[in-house]
Amino acid sequence: MSNNVRRGNAVEYIAARPGPVPVACCDASVDDFGCDVFTLEEMRRYLPQEITDALQATVEFCRPLDPQIAGSVAEAMKCWAIERGATHFTHWFQPLNGGTAEKHDAFLEPDGDGKAIMVFSGKNLIGGETDASSFPSGGLRCTFEARGYTAWDPTSPAFIKRHSNGATLCIPTAFCSYTGEALDKKTPLLRSIQALSRSVVRLMKFFGLPEERVKVTLGAEQEYFLIDKQFYLQRPDLLQTGRTLFGAPPPRHQQLEDHYFGAIKPRILNFMNEVERELWKLGIPAKTRHNEAAPAQFEIAPFFEELNLAVDHNMMVMEVLRQVADRYGLVCLMHEKPFAGINGSGKHCNWSIDYGALSMLKPGSDPHRNAIFLTTLCAVIRAVDLHSDMLRCATAGPGNDHRLGASEAPPAIISIFLGDQLTEVIEQIEAGSVTGSRRKAGAMRVGADMLPPLPRDATDRNRTSPFAFTGNKFEFRAPGSSQSASTAIMMLNTIVAESIDYISDELEKFDGGDFNANLQSVLQKIIRNHKRVVFNGDNYSDNWVKEAEKRGLPNLRTTLEAIMPLKDPANHQLFSRYGVLSATEMLSRYEVNLEEYYRKIRIEGGVALELSRTMICGAAVDEYRRLGDALNQASASGISGGRSALCACMEKLGNAIDALENANNALETAMEQGDDGILEALTEVRKAADTLEYLVDDRLWPLPKYREMLFVY
């Protein structure tokens with residue numbers, strides 16, 4: 001059966017699919033929330049009070065785990081998991097490939113009498129050894145150096161993953177090498193939380209506040225596409241690269257703006273309901289679901305949670321989305337730009353800091369609280385201005401290269417949106433007097449004046465900004481949908497910790513005097529030196545690119561440019577000083593990113609060559625023959641015509657294929673020279689192929705088209 005017939009059959013199959021069958025009580029139930037999580041409530045059921053209290057202190061106050069209680073905790077966890085149907089356990093970790101990893105071990109052990117018992121020791125719980133040789137390490141490990149070690153992270157509770165024929169106890173862990181270097185994304189994130197916590201506690205002493213627990217919070221909005229599996233299996237480019245390497249834009253895609261927040265189709269709504277059921281059982285507070293801007297694009301968003309847990313939960317959200325989609329005959333696409341010419345998908349990271357019950361990024365009802373808010377705000381402004389290269393580095397990747405700066409995604413230039421009112425406030429602080437201020441009553445005095453009411457409406461924000469203040473948090477919109485949120489927020493935590501320490505250092509220089517006046521002078525200096533990073537306008541405009549260049553803001557447009565800061569000794573010094581990443585670990589991340597980039601580009605080049613030669617050229621030849629037969633018949637009837645447009649496009653495609661093959665073969669040299677010319681070759685092949693899609697008879701075109709994948713589901 002030819003490809004074009006299979007494509008037609010897929011449309012017919014999907015169109016004839018029975019409608020959703022009503023299922024009683026199919027929505028997620030609040031009674032099930034967290035039923036597959038070893039929560040504090042479950043600990044109390046299985047453990048003595050003193051052990052539960054000790055474990056809770058470890059979780060809440062980051063105290064070292066008492067090895068004496070590990071055995072009791074392990075036994076309790078095993079009993080709970082077995083009662084929930086688990087037969088195996090795994091240390092669940094997040095290696096540098098951007099996904100999650102697990103190796104399952106059975107609780108079962110022979111008892112020596114021909115029978116078996118279920119065993120899970122404190123040693124099994126606290127740590128494990130796994131093969132580290134096949135995970136990316138950027139030179140931290142050699143292939144023959146296989147040992148890698150997992151270490152239990154008690155701040156993220158154990159949970160149960162279910163499948164059709166059983167269940168597995170998953171224990172969130174860090175992953176490190178034999179010599180102690182971090183081989184994962186969790187370890188640096190945990191280090192950055194500790195660094196930021198220390199800096200915040202130090203700063204709060206200047207405000208006369210007692211030591212409190214610092215809580216960094218995150219809400220990760222996850223965007224994704226859904227297409228029918230029938231189409232997906234006929235698109236080798238989607239199968240192997242996650243994005244369509246070919247595909248002409250249809251006359252209608254998202255121009256009518258009718259999909260965004262529109263009524264959710266029954267099949268998709270059933271899928272979303274089941275996703276929420278699965279997530280709620282895992283204790284993941286999925287809150288919001290809706291259609292996104294592009295056809296077949298959707299979003300899921302949770303409540304805010306503590307950062308480490310929120311990152312773990314987001315990794316689980318992505319896995320559940322993929323698994324449930326498969327049950328519904330759908331495929332969930334997490335690539336940042338699976339379809340050219342329409343919106344890409346991001347992971348909007350809403351980040352904030354709490355000090356005890358105080359939200360440090362929420363304007364308060366008294367001058368003292370507002371002084372804390374303004375101090376934190378200025379620390380963030382300074383951090384983003386000085387270290388925007390590290391934030392951009394955290395969002396680097398070949399998928400995000402296609403997304404940033406295109407179709408509602410923020411550009412590669414990192415700037416901050418504050419809004420007009422808050423911008424006016426910091427201008428008043430900078431002015432320090434009535435002169436130059438629009439505030440009739442005089443300039444803002446830190447610690448003395450009240451802030452004006454600041455709008456918190458979610459729509460009152462700049463969707464083009466990569467880093468926007470949205471009322472009580474910052475929304476970092478640049479991370480890509482497939483990326484782990486851990487790297488971006490680890491970077492953010494570290495650079496903000498450095499800026500908070502800078503403020504503390506400056507305050508320590510004052511020998512007495514009025515604290516609020518001293519603080520105001522420090523904040524004035526920060527605003528004066530770093531206000532260039534604040535931009536409230538249209539980040540998509542060409543004028544902003546020019547203006548940003550005048551301001552001296554970096555524009556790291558490609559992955560190869562964006563990952564270079566990982567080699568900067570100044571950045572090595574910063575991250576080493578805060579104990580987040582050593583120079584060796586940072587260089588390893590550079591190597592991992594570089595290798596991943598070229599591997600993915602090489603795969604895309606190979607797939608594009610295969611498809612263009614074996615499918616697209618064949619369709620063009622079939623069309624040439626069809627036209628020839630038609631022209632012969634027309635000529636016999638006295639009608640003249642030609643195939644010039646088709647022939648010209650076929651010639652362009654042939655030349656582009658040759659150029660792509662040469663670029664693919666020269667990729668090793670390109671890596672050494674920092675050249676990504678293969679992308680230009682890929683673009684030229686695509687241009688020719690997409691033009692052919694408009695010329696070839698629809699019945700002959702082998703690949704499912706955009707109009708089908710985006711609208712037929």
Side-chain angles (χ1 to χ4, degrees), residues 94-99 136-139 182 184-185 188-189 192 220 223 241-243 311 314 334-338 344-349 384 386-406 409-415 466-467 476-495 539 548 553-568 570-572 574-575 580-581 585-604 667 670-671 673-676 678-679 682:
Q94 299 168 38
L96 296 178
N97 59 16
S137 70
D184 66 343
K185 293 180 178 288
L189 181 70
S192 76
E223 294 177 337
T241 73
R243 75 180 183 101
V311 169
N314 179 254
M334 295 287 183
H335 193 283
E336 285 74 22
K337 199 75 169 178
S345 295
K347 191 192 305 288
H348 302 166
C349 295
V384 175
L386 287 179
H387 305 291
S388 64
D389 59 340
M390 296 308 295
L391 292 181
R392 173 66 184 97
C393 174
T395 67
N400 228 12
D401 281 357
H402 295 289
R403 167 180 168 262
L404 293 180
I413 303 167
I414 303 295
S415 65
F467 199 79
F476 191 19
R477 297 174 58 85
S481 55
S482 70
Q483 296 176 328
S484 169
S486 58
T487 301
I489 305 304
M490 174 269 291
M491 298 287 192
L492 181 59
N493 285 347
T494 308
I495 64 176
N539 285 251
L553 300 179
N555 184 8
L556 307 177
R557 290 167 291 183
T558 69
T559 293
L560 294 179
E561 294 174 292
I563 63 176
M564 289 303 293
L566 288 168
K567 300 177 71 175
D568 187 341
N571 290 329
H572 295 171
L574 168 64
F575 281 79
V580 175
L581 287 171
E585 289 170 330
M586 289 190 77
L587 289 172
S588 75
R589 270 66 180 171
Y590 171 81
E591 294 296 335
V592 168
N593 278 283
L594 185 67
E595 289 177 11
E596 178 192 60
Y597 177 82
Y598 277 110
R599 284 172 180 170
K600 288 185 175 180
I601 295 300
R602 177 184 285 281
I603 291 170
E604 289 188 357
L667 196 57
M671 284 182 65
Q673 298 175 351
D675 178 27
D676 58 353
I678 192 171
L679 294 178
L682 275 166

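No experiment lies behind these values; they were computed from the predicted model shown.
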Exercise for review: For E561, check salt bridge (Lys or Arg N to Asp or Glu O under 4.0 Å) against everything at least two apart and list the hits.
Suggested key: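 E561 satisfies salt bridge (Lys or Arg N to Asp or Glu O under 4.0 Å) with no residue once adjacent residues are dropped.
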
**Study point:** Contacts of type salt bridge (Lys or Arg N to Asp or Glu O under 4.0 Å), residue E604, not counting sequence neighbours
**Key:**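 With sequence neighbours excluded, E604 shows a salt bridge (Lys or Arg N to Asp or Glu O under 4.0 Å) to R243, given in chain and number order.
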
Please round to the nearest 0.5 Å and tell me the distance separating atom [atom1] of [X] and atom [atom2] of [Y].
| X | Y | atom1 | atom2 | value |
| --- | --- | --- | --- | --- |
| S486 | N314 | OG | CG | 9.5 Å |
| L391 | L556 | CG | CG | 11.0 Å |
| D389 | M491 | CG | CE | 9.0 Å |
| T241 | I601 | OG1 | CD1 | 10.0 Å |
| K337 | S481 | NZ | OG | 11.0 Å |
| L587 | L566 | CG | CG | 8.0 Å |

Any side-chain heavy-atom pair from [X] and [Y] closer than 4.5 angstrom?
| X | Y | value |
| --- | --- | --- |
| M490 | L581 | yes |
| I489 | V311 | no |
| I495 | L574 | yes |
| T559 | L594 | no |
| I413 | N539 | no |

**Study point:** Minimum heavy-atom distance between M334 and E223, given as atom pair plus value
**Key:**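 The pair with the smallest heavy-atom distance is SD-O, 4.3 Å.
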
Point to revise | Minimum heavy-atom distance N593-A396, with the two atoms named | key: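 Of all heavy-atom pairs spanning N593 and A396, the closest is OD1-O, 4.4 Å.
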
Check your understanding: Can a salt bridge be assigned to the pair R589 and E585 using a cut-off of 4.0 Å between side-chain N and carboxylate O?
Key -> no

Report yes or no: does [X] contribute a side-chain atom to a donor-acceptor pair with the main-chain N or O of [Y] at less than 3.5 Å?
| X | Y | result |
| --- | --- | --- |
| R403 | A478 | yes |
| K567 | Y590 | no |
| E336 | H402 | no |

Practice item. Assess whether side-chain contact (heavy atoms from CB on, under 4.5 Å) is satisfied between K185 and Q483, documenting all intermediate values. Key: CA-CA 11 Å; K185 293 180 178 288; Q483 296 176 328; over 6 Å; no

Point to revise | With sequence neighbours excluded, residues passing side-chain hydrogen bond (donor to acceptor under 3.5 Å, both in side chains) with S388 | key: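 S388: no side-chain hydrogen bond (donor to acceptor under 3.5 Å, both in side chains) contacts found.
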
Check your understanding: With sequence neighbours excluded, what pairs up with L386 under the side-chain contact (heavy atoms from CB on, under 4.5 Å) test?
Key ->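 If we apply the side-chain contact (heavy atoms from CB on, under 4.5 Å) test to L386, skipping adjacent residues, the hits are R382, H530.
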
Practice item. State which residues pass ring-ring contact (aromatic ring centres under 6.0 Å, His included) with F467; sequence neighbours excluded, sorted by chain then number. Key: F474, F476

**Study point:** Within residues 390-399 or reaching into it, pairs that qualify as salt bridge (charged side-chain N to carboxylate O under 4.0 Å, His left out) - sequence neighbours excluded
**Key:**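 Passing the test, one end in residues 390-399: R392-D401.
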
